[in-house]
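One structure below.
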Amino acid sequence: MKKAVVVMSGGMDSTLCATLALKQGYEIIALHFDYNQRTMKREKQAFNDICDRLNITKRLSLDVSFIAKIGGNSLTDKSMQVPKTGLSDSVPNTYVPYRNGIFLSIAAAVAEKNDAQAIYIGVVEEDSSGYPDCKAEFIKTIQNAINLGTKDSTKIEIKMPLVSLSKADIVRVSLENNSPLELTWSCYESEEIACGVCDSCRLRLNGFKKANSTDPIKYKF
C-alpha cells in the first residue's frame, strides 16, 4: 500500500489534507510538532481527536521546542502581542522563521524511514497570512533538495493540494469530503474558546462566511 506522511497541526487545512490523502488511497503516517507555541496543548488534542476520527493509527508527535528558543515570533514569545487588527501587506509576527522548512526536513526523514512516497502539507498561498514558507515555489524547491539528499531509491513528492485555494474553497471542499471541521483548532492565542480576532481566526471565520456556512467551533463573541 502506498504511504504518505501528513504534517498535521490540528487545523482545518492539514486536516483536509489528511482526509484527501485517505481518499486517494494512502496509508497515513500522521506527523505533529510541539514547539512551545501558545496553543500547543489544544493543538495536540485536536491532532489526536482528528486521528481517532479518521482511524489513523500511525502517528508521531515530536518535540521541536528548539524553535521557541530561536524565537522571533508571537506564537512562542509571549512578550510579543498576537496581531488582532487584521491582515496587512507585511509578514506578520506570527510567522515562525522557516517553520515549514524545518517541518518538511523532519517529515522527509520520517518518509524515507517508512518508505513513503509522499508528504502532504496544508500550505495555502492565495488566501493566507502571507508567510514566505507557504509559497508553492518554495515547496517545489525543497522537494528537489529532499530527493537529492536521500537514498537513490527514495522518491518523495510533496503534495500541497490546498496551495491555490481560498479559505472559502477549503471550507467547501472540507464539507464535501466530510473532513471533521468540528475537531479542528485554528486560534493562535486561546486554548479554551477561540478568540475570533487573531489573524488565524479571522481567516477561518471569513472562509466560512464566504462559503455560506457556519463554523462548528465556539468563539468568545
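Please read all numbers here as calculations on a predicted model, not as lab measurements.
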Could you walk me through whether Asp52 and Leu183 pass the side-chain contact (heavy atoms from CB on, under 4.5 Å) check?
CA-CA 10 Å; Asp52 288 344; Leu183 300 179; over 6 Å; no
Are Val7 and Leu62 connected, step by step, through hydrophobic side chains (Ile, Leu, Val, Met, Phe, Trp, Tyr) whose heavy atoms are closer than 4.5 Å?
yes
If I compare all heavy atoms of Cys187 with all of Cys195, which pair ends up nearest, and what's the gap?
SG-N, 3.3 Å
Ring pair (Phe, Tyr, Trp, His ring centres under 6.0 Å), that's the test. Do Tyr98 and Phe138 meet it? Break it down for me.
CA-CA 11 Å; Tyr98 202 63; Phe138 165 70; 5.7 Å; yes
Please say whether more than 12 non-hydrogen atoms of neighbouring residues, nucleotides or ligands are located less than 6.0 Å from NZ in Lys3.
yes
What is the minimum heavy-atom distance between Ala136 and Val163, and which atoms define it?
CB-CG2, 4.0 Å
Cluster check Ile70, Val96: I/L/V/M/F/W/Y, side chain < 4.5 angstrom:
yes
Nearest-0.5 Å distance, CD of residue Glu182 to CD1 of residue Ile50:
9.0 Å
Any idea which heavy atoms bring Gly196 and Phe221 closest together, and the distance?
CA-CE2, 3.3 Å
Is the number of heavy atoms from other residues, nucleotides or ligands under 6.0 Å of Lys41 NZ greater than 12?
no
How long is the gap from CG on Leu22 to CD1 on Ile28, to the nearest 0.5 Å?
3.5 Å
Taking the inter-plane angle between the rings of Tyr120 and Tyr26 on a 0 to 90° scale, is it parallel (under 30°), tilted (30 to 60°) or perpendicular (over 60°)?
perpendicular
Decide yes or no for Phe47 and Asp34: does some side-chain heavy atom of the first lie under 4.5 Å from some side-chain heavy atom of the second?
no
Is Leu60 reachable from Ile106 through a run of I, L, V, M, F, W or Y residues, each pair having side-chain heavy atoms under 4.5 Å apart?
yes
Could you check whether any side-chain heavy atom of Val171 comes within less than 4.5 Å of a side-chain heavy atom of Met12, counting everything from C-beta outward?
yes
Is there a donor-acceptor contact under 3.5 Å from the side chain of Gln117 to the main chain of Asp115?
yes
How long is the gap from CZ on Phe33 to OG on Ser65, to the nearest 0.5 Å?
13.0 Å
How long is the gap from CD on Glu125 to CG on Leu162, to the nearest 0.5 Å?
12.5 Å
To the nearest 0.5 Å, atom CH2 of Trp185 lies from atom OG of Ser200 at 10.5 Å
In the structure I gave you, are the side-chain heavy atoms of Leu181 and Leu175 within less than 4.5 Å of one another anywhere?
yes
Ser9 versus Gly11, closest heavy-atom pair with distance
OG-N, 3.0 Å
For the residue pair Ser190 and Thr39, what are the closest heavy atoms and their distance?
O-CG2, 3.3 Å
Taking the side chain as every heavy atom from C-beta outward, state whether Val82 and Thr94 have any pair of such atoms under 4.5 Å apart.
yes
Between Arg99 and Asp133, is there a side-chain N and carboxylate O pair less than 4.0 Å apart?
no
With heavy-atom distances below 4.5 Å as the criterion, would you say the side chains of Arg204 and Thr184 are in contact?
yes
Between Asn93 (side chain only) and Gln81 (backbone N and O only), is there a donor and an acceptor less than 3.5 Å apart?
yes
Should we say atom NZ of Lys2 is surrounded by more than 12 heavy atoms from elsewhere, each under 6.0 Å from it?
yes
Counting only N and O atoms by type, is there a donor-acceptor contact under 3.5 Å from the side chain of Asn177 to the main-chain atoms of Val173?
yes
Check whether any side-chain heavy atom of Ile170 lies under 4.5 Å from a side-chain heavy atom of Leu16, and answer yes or no.
yes
Is there a side-chain contact (heavy atoms from CB on, under 4.5 Å) between Phe103 and Ile67 once you walk through the steps?
CA-CA 11 Å; Phe103 287 178; Ile67 290 175; 3.9 Å; yes
Qualifying residue, where the test is side-chain contact (heavy atoms from CB on, under 4.5 Å) with Asn48 and the options are Arg59, Met8, Glu43
Arg59
Are any of the side-chain heavy atoms of Val6 and Ser14 separated by less than 4.5 Å?
no
Might you confirm whether atom NZ of Lys151 has over 12 heavy atoms from other residues, nucleotides or ligands at distances under 6.0 Å?
yes
With rounding to the nearest 0.5 Å, note down the distance linking OG1 in Thr19 to CG in Leu54.
4.5 Å
Strictly below 4.0 Å, N to O, side chains only: are Asp169 and Arg172 in salt-bridge contact?
yes
Cluster link Tyr95 to Ile102, ILVMFWY, side chain under 4.5 Å:
yes
Close side-chain approach of Glu192 to Lys220, heavy-atom, < 4.5 Å
no
Do Ile121 and Ile156 belong to the same hydrophobic cluster, where Ile, Leu, Val, Met, Phe, Trp and Tyr are linked whenever their side-chain heavy atoms lie under 4.5 Å apart, directly or via other members?
yes
side-chain contact (heavy atoms from CB on, under 4.5 Å), that's the test. Do Lys167 and Asp13 meet it? Break it down for me.
CA-CA 9 Å; Lys167 284 293 182 183; Asp13 300 344; 2.6 Å; yes
Result of checking Cys198, Ser74, Ser129 against Pro92 for side-chain contact (heavy atoms from CB on, under 4.5 Å):
Ser129
Heavy-atom closest pair (Lys58 atom, Glu27 atom, distance to 0.1 Å) is NZ-OE2, 2.6 Å
